Amino acid sequence: MIHWKLASHSLTHHVRENGLFILASSVLIAINYIFWSLLGNDSLKHSVNGDIIIKIIGIGLMFVALIAVIFMFYVNSFLIKQRNQELGLYNMLGLTRNDLRLILIIENFCLYIVSLIIGFVLGVTFVKLAFLVLQRLLDDYRIKETFSPTALLTVTILFGLTFVAILIYDFLLIRQIHPADLWKLSEKGEQEPKSRWLTGIIGVLLLGCGYFIAVTTKPSAGSILRFMVAVILVVMGTYLVFITGSIIFLKFLKSKPNYYYKPNHFISVSGMLYRMKQNGAGLASICLLCTSILVTIIATTSLFVGEQNLVQLWNPYDIITATPQPINKQAKLATEQIAHQSDVKIGSRHQYRMTTPTDGILKDGQFVKNESAKTSHQLGTMTINDYNRVQGTQRKLVGNHLLIYTPDNSYQNKWLTINGKKYPVKVVHHFKMVVNYQHSIFQPVFVITANERLAKQLNPAPWLYLQGFNLSGSNQKQKRFSLVLQQSLRLQNTELSSKVIQQALFKSLFGGFLFVGILISMTMSFATALIIYYKQVSEGIADAKRFKTMQQVGLSQAESKKAIHSQVLLVFMLPIIGAVIHLGFAFPAIKSVLTIFSMYNLKLLVTVSVATIALLVACYLGIYWLTTTVYQRLVNRS
C-alpha cells in the first residue's frame, strides 16, 4: 500500500512533467495507430496502385516508430532526473532498492495505461481525418476507414515493450548509482567544460564532407545512396559542432570584458556555460529535426505540386508509342477500330524517328557513354526534318552543326563533344514531343542533326519510331482503350505510355509521399516543440534558485527579464539558423534526387522551399515566445 501512495504522490507532485510525458506518448501512440490502421486497411490495399501506397506507408511507419522510441527515452531522462531526489529521500528513510523499483513499476504502469487510453481516443478520432485527407490527395473516394483491432493490439504491444525498456533503463540507473546519492544527484552541477578543439575540428570536417557530397551529388542510380552517406556525416558533424562549438563560443564571449560584465550577458553566459554539454546535444537534436522537417516537406510537396509537369514530360500526348518498327497501315486500322469500340475519338497523329537513346554522362560540353552508377543522361539523335515536322518550324542545319534540347534547359556550351569529336551546337528551349524513353530515371537529351548519316554517327543505336495522339472521352474509356490497344498490337510496357494511367500512378505515388511526409513532419514538429519545452522547463527549475539569490542581492525584475531573454535568444535561434544552412547545402542534392522523378522545375522547388522555411520560422518563433514565458514563470516564482 505504501508503494502505491508514494507512486501516486510522485505522479501528482510532478504533474507538469508527467502531464507533458503523457501528452507526448499519447500523440505518438495516436500517430502510430493511424499508420497501422492505414497499413492494414483492405480498401486501401485494393485501390489503384494500393501496393505502392502501402509500401510508402510502411517506410513512414518505421521512421515514426523510431522517432517515438528515441523521443520517449529522451523525455524519460527528464522525468527520472526529477524522481532522483524523491528516490534518494525514500532510501534514506529506509526503503530498499527493490522498494524503489516497485515504485518505478507502479509509476510507469500508470503512465502507460493513461497514455494508451488517451492515445487511442485521439487515434480513433483523427484516423477518420487521415482517411479523408488521403482520399483527397489520391482522388479516390472508394478508400474507407474501418476500425482495426489488429492496429490497436499491435500499438499496445509496441508501446508496452517501449515502456518496459524505459523501466529497465531506470533500473540500471538505480543499480549503477547508490540510492543514497540520488538526493544530491538531481541538484549536482557541472564543472566548467573544456574546450575540445580537436572534437570541434573533427565535427567541422564531417560537416564539410557531408556538404561536399550533398552539393556534388548528381542524378544517377547511386545518388540516393550518396545522399544517405551525406546525411549520416552531417548528423555526426552537427552534434560535435554544437556540443564543442557552443562551449568555445561561450568561452569566447566570457573572454570579452566589455560584453561579459553586463548583468544580462553575465547571467546568460555563465549560466549556460556550465551545462552546455547537455544543451549542445539538445540544440543539435532540434537543428536536425528542423532540417528533417524542411527536407521532408519540400521534397514531398514539390513532387505532388509538380505532378502535371512530370506527366506532360512523359506523355506530351494522351497515347505515346515507341516501337522499333514504324506503325503500318494494318496497325493504324486496328487502332481506329479499338477506338470506336472503346467509344473514344483519336486526334491528329504526330510522329518522328530518333535513334534509341544511349545511357551516359553529359558534363562540361561532353557526352560520354557509360553504364556505371554515375550514368545521368540518355542521348538520342534525330534529323532536322523530323524536328521541324513536330515543332511546326522551318529551321535549317548545315554540315556538322547541331541543335540540342534538355528538359531542364541546363546546357549552356556552344560545343558538344561526342565520340571524341567536337561539334558546334545551338541550344533550343522548346520541343513539343519530349519523351522519357522507358520512363528512365536518366534525363533525356535530344540532339538534332542535319541528316540521317550524322545522326547515326553520333549514336549508332537502332532507329526508334515514336507516335503520339490525343483522345477524346472519359478517363475510364481512355484507360480501357490503351489496355486493349497494347494487347492487340502486342506492345511491351516500354513501348506504350498512356497519360491517364500515368496520372493515376503519380497521383497515388506522390499523394502517398505527401501524406506520409505530412504525418512524419507532424511527428517531428511535435517532438521538436516538446524537446524545446522540456529543455526550458528543466533549465527554469535549475535556474530558479540562482535567480532568486540574485534578486535577493539586488537584481530587479526588469533586469531578470532582460537576462532571461538574452539567455534564451543567445542560443535559441542557433538550431533554426543551422537548419537553414543544412538545407542550403542539401538543396542541390534534393534537386538531384527529384530529377530521378524527372522533376526539372527549379522555380517550383525554390518557391516551395521559401514558403516552407517561412512557415517553420513562424512556428519556431511561436514556440520561442511560449517557452520563454514558461521559463520566466519558473525562475521568477516565489
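Just so we're clear, the structure is a prediction, and the values are computed from it rather than from any experiment. We use all heavy atoms of the structure for the numbers below, so side chains are in, but hydrogens, waters and symmetry mates are not.
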Check residues 288-301 and write down every donor-acceptor pair under 3.5 Å in which the side-chain atom is one partner and the other belongs to a residue at least two apart or another chain.
residue	atom	partner	partner atom	Å
Thr291	OG1	Cys287	O	2.8
Ser292	OG	Leu288	O	2.9
Thr296	OG1	Ser292	O	2.7
Thr300	OG1	Thr296	O	2.7
Thr300	OG1	Ile297	O	3.4
Thr301	OG1	Ile297	O	2.7

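- To the nearest 0.5 Å, atom CG of residue Leu122 and atom CD1 of residue Ile117 are 12.0 Å apart.
- Interatomic distance, CG of Leu167 versus OG1 of Thr162, reported as 12.5 Å (0.5 Å rounding).
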Intermediate values then yes/no, side-chain contact (heavy atoms from CB on, under 4.5 Å), Leu583 and Ile590: CA-CA 9 Å; Leu583 177 64; Ile590 297 172; 3.9 Å; yes

Evaluation steps, side-chain contact (heavy atoms from CB on, under 4.5 Å), between Ile168 and Val164: CA-CA 6 Å; Ile168 293 174; Val164 170; 4.0 Å; yes

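- Counting only distance, with no hydrogens or angles, the side chain of Asn32 and the backbone of Leu28 share a donor-acceptor pair below 3.5 Å.
- Proximity of Ile286 to Tyr620: side-chain heavy atoms (C-beta onward) are separated by under 4.5 Å at one or more points.
- With contacts defined as side-chain heavy-atom distances shorter than 4.5 Å, the pair Ile166/Asp170 qualifies.
- Looking at Val114 and Phe109, their side chains never come closer than 4.5 Å, going by heavy atoms from C-beta outward.
- Taking all atoms of both residues into account, the shortest heavy-atom contact from Phe131 to Ser37 is CZ-O, 4.4 Å.
- Note: Trp36 CH2 to Asn41 CG = 14.5 Å, rounded to the nearest 0.5 Å.
- Atom CD1 of Ile103 and atom CG of Asn108 lie 12.0 Å apart (nearest 0.5 Å).
- Within a 6.0 Å sphere centred on OH of Tyr169, heavy atoms belonging to other residues, nucleotides or ligands number 12 at most.
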Worked check of side-chain contact (heavy atoms from CB on, under 4.5 Å) between Val127 and Phe147: CA-CA 9 Å; Val127 74; Phe147 176 72; over 6 Å; no

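- Val64 has its side chain out of reach of Leu519: every pair of non-hydrogen atoms, C-beta onward, lies at least 4.5 Å apart.
- Residues Phe587 and Ser609 share a closest heavy-atom pair of CE1-OG, 3.4 Å.
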Worked check of side-chain contact (heavy atoms from CB on, under 4.5 Å) between Val305 and Phe510: CA-CA 9 Å; Val305 175; Phe510 299 152; over 6 Å; no

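- Within 6.0 Å of CZ in Phe126 there are 12 or fewer heavy atoms belonging to other residues, nucleotides or ligands.
- Taken from OH in Tyr33 to OG1 in Thr154, the straight-line distance is 10.5 Å, to the nearest 0.5 Å.
- Of all non-hydrogen atoms in Thr238 and Val234, the two that sit nearest each other are OG1-O, 2.6 Å.
- Counting heavy atoms from C-beta on, the side chains of Leu303 and Leu514 never come closer than 4.5 Å.
- For the pair Phe120/Thr156, a side-chain contact is recorded, criterion being any heavy-atom separation below 4.5 Å from C-beta on.
- For the atom pair Met236 CE and Leu207 CG, the distance stands at 10.5 Å (nearest 0.5 Å).
- Counting only heavy atoms from C-beta outward, the side chains of Met522 and Ile518 approach each other to under 4.5 Å.
- Looking at residues two or more places apart in sequence or on another chain, you find a ring pair (Phe, Tyr, Trp, His ring centres under 6.0 Å) between Tyr112 and Phe163.
- Across Ile29 and Ser115, no two heavy atoms sit closer than the pair CD1-O, 3.6 Å.
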